[in-house]
Amino acid sequence: MNQRQRYHILYFGLLADRRGMTGETIESTAKSAASLYAELDAAHALGLDPRYFRAAVNDEFVFWDHPLQAGDTVAFLPPMSGG
């Protein structure tokens, strides 16, 4: 049985614009950063390919297959522009 875990999500850049917020707390059965983003993309039509941005868990950049733990803070950081 897939148990739901609570995650704190932070959105930056274009993802924050598309989601209409910079953060939220959700419950999910996702077990990795990739599966969490896929779930959020399906629910909210974020529409960005994760190959072109990074994920961080608890303030550390991680690979997309990084396992998540209950209570983790997961940030999605698309490319930034500017100087």
Value for CZ (Arg4) from OG (Ser28), rounded to nearest 0.5 Å, stands at 6.5 Å
Starting at CZ of Arg18, measure out to NE2 of His44 and round the result to the nearest 0.5 Å. 14.0 Å
Relative to the ring of Tyr37, is the ring of Phe53 parallel (under 30°), tilted (30 to 60°) or perpendicular (over 60°)? perpendicular
Partners passing salt bridge (charged side-chain N to carboxylate O under 4.0 Å, His left out) against Arg6 (at least two apart in sequence or in another chain): Glu27
Joint cluster assignment, Phe76 & Leu48, ILVMFWY side-chain distance < 4.5 Å: yes
Scanning both residues in full, the closest heavy-atom pair of Ala30 with Ser35 reads CB-OG, 3.4 Å
OH on Tyr11 to CG on Leu46, rounded to 0.5 Å: 6.0 Å
Between Ile26 and Glu39 the two heavy atoms that sit nearest each other are CD1-OE2, 4.4 Å
Is there a path of hydrophobic side-chain contacts, each under 4.5 Å between heavy atoms, that joins Phe12 and Val62? no
Show the nearest heavy-atom pair for residues Arg54 and Phe61, with the distance to one decimal. NH2-CB, 2.9 Å
So how far is it from Asp72 CG to Leu36 CG, rounded to the nearest 0.5 Å? 9.5 Å
Name all residues meeting the side-chain hydrogen bond (donor to acceptor under 3.5 Å, both in side chains) criterion together with Asp65; count only those two or more places apart in sequence or in a different chain, and write none if there are none. none
Candidates Thr25, Thr73, Asn58 - the one meeting side-chain hydrogen bond (donor to acceptor under 3.5 Å, both in side chains) with His8: Thr25
What do you reckon, is CG of Asp49 surrounded by more than 12 foreign heavy atoms closer than 6.0 Å? yes
Correct closest heavy-atom pair for Leu77 and Ala75 would be CD1-O, 3.9 Å
Residues His66, Glu60; criterion side chain to side chain contact (heavy atoms under 4.5 Å, CB included); working and verdict: CA-CA 11 Å; His66 180 83; Glu60 298 286 333; over 6 Å; no
If Ile, Leu, Val, Met, Phe, Trp and Tyr residues are connected whenever their side-chain heavy atoms lie under 4.5 Å apart, and connections chain through other members, are Leu40 and Leu10 in the same group? no
